Amino acid sequence: MPKRERTKVLIRCKLCGERYTLRGRRGPQGNIETGFKRCLCDNDRDFEVIEQP
């Protein structure tokens with residue numbers, strides 16, 4: 001199993017503006033998997049995801 005590098009991401013809810021800083025791993029399709037599912041405002045679709053160095 002190849003070792004995947006962890007990356008830090010900032011997730012911002014576009015409805016309420018809440019921000020979350022999480023660590024995730026880049027998946028085989030190039031997306032970042034953090035396990036984040038839902039914001040406190042019950043939003044589970046409309047997010048801005050920014051990868052941080």
Side-chain angles (χ1 to χ4, degrees):
M1 180 174 173
K3 184 177 180 180
R4 296 186 296 173
E5 185 176 325
R6 294 180 72 188
T7 185
K8 189 175 178 181
V9 293
L10 175 69
I11 299 173
R12 189 178 72 80
C13 177
K14 290 184 178 178
L15 296 181
C16 70
E18 186 71 31
R19 293 187 290 172
Y20 304 91
T21 302
L22 302 169
R23 290 196 179 267
R25 295 180 191 266
R26 190 164 296 280
Q29 289 87 24
N31 57 334
I32 299 172
E33 300 170 0
T34 62
F36 184 81
K37 301 292 184 200
R38 178 176 298 202
C39 180
L40 293 172
C41 70
D42 217 23
N43 173 24
D44 61 353
R45 295 182 184 186
D46 200 14
F47 299 104
E48 178 181 4
V49 179
I50 302 168
E51 185 175 0
Q52 297 185 330

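Every value quoted in this text rests on a predicted model; they were computed, and no experiment measured them. One-based numbering along the sequence shown.
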Evaluation steps, side-chain contact (heavy atoms from CB on, under 4.5 Å), between E5 and R26: CA-CA 7 Å; E5 185 176 325; R26 190 164 296 280; over 6 Å; no

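- Of all heavy-atom pairs between E51 and V9, the closest is CA-CG1, 4.1 Å.
- Between E33 and G27, the closest heavy-atom pair is OE2-CA, 3.7 Å.
- Crowding of R19 atom CZ: a count of heavy atoms from other residues, nucleotides or ligands under 6.0 Å not exceeding 12.
- Between E18 and C39, the shortest heavy-atom distance links the atoms CB-SG, 4.0 Å.
- The distance from the CZ atom of R23 to the CD1 atom of I32 is 12.0 Å, given to the nearest 0.5 Å.
- To the nearest 0.5 Å, the span separating CZ on R12 from CZ on F47 amounts to 11.0 Å.
- When the options D44, N43, L40 are evaluated for a side-chain contact (heavy atoms from CB on, under 4.5 Å) with C13, the one that passes is N43.
- Relative ring orientation between Y20 and F36 is described as tilted, the plane-to-plane angle lying within the 30° to 60° band.
- Atom CZ of residue R25 and atom OG1 of residue T34 lie 12.5 Å apart, to the nearest 0.5 angstrom.
- Residues C41 and L15 come closest through the heavy atom pair SG-CB, 4.3 Å.
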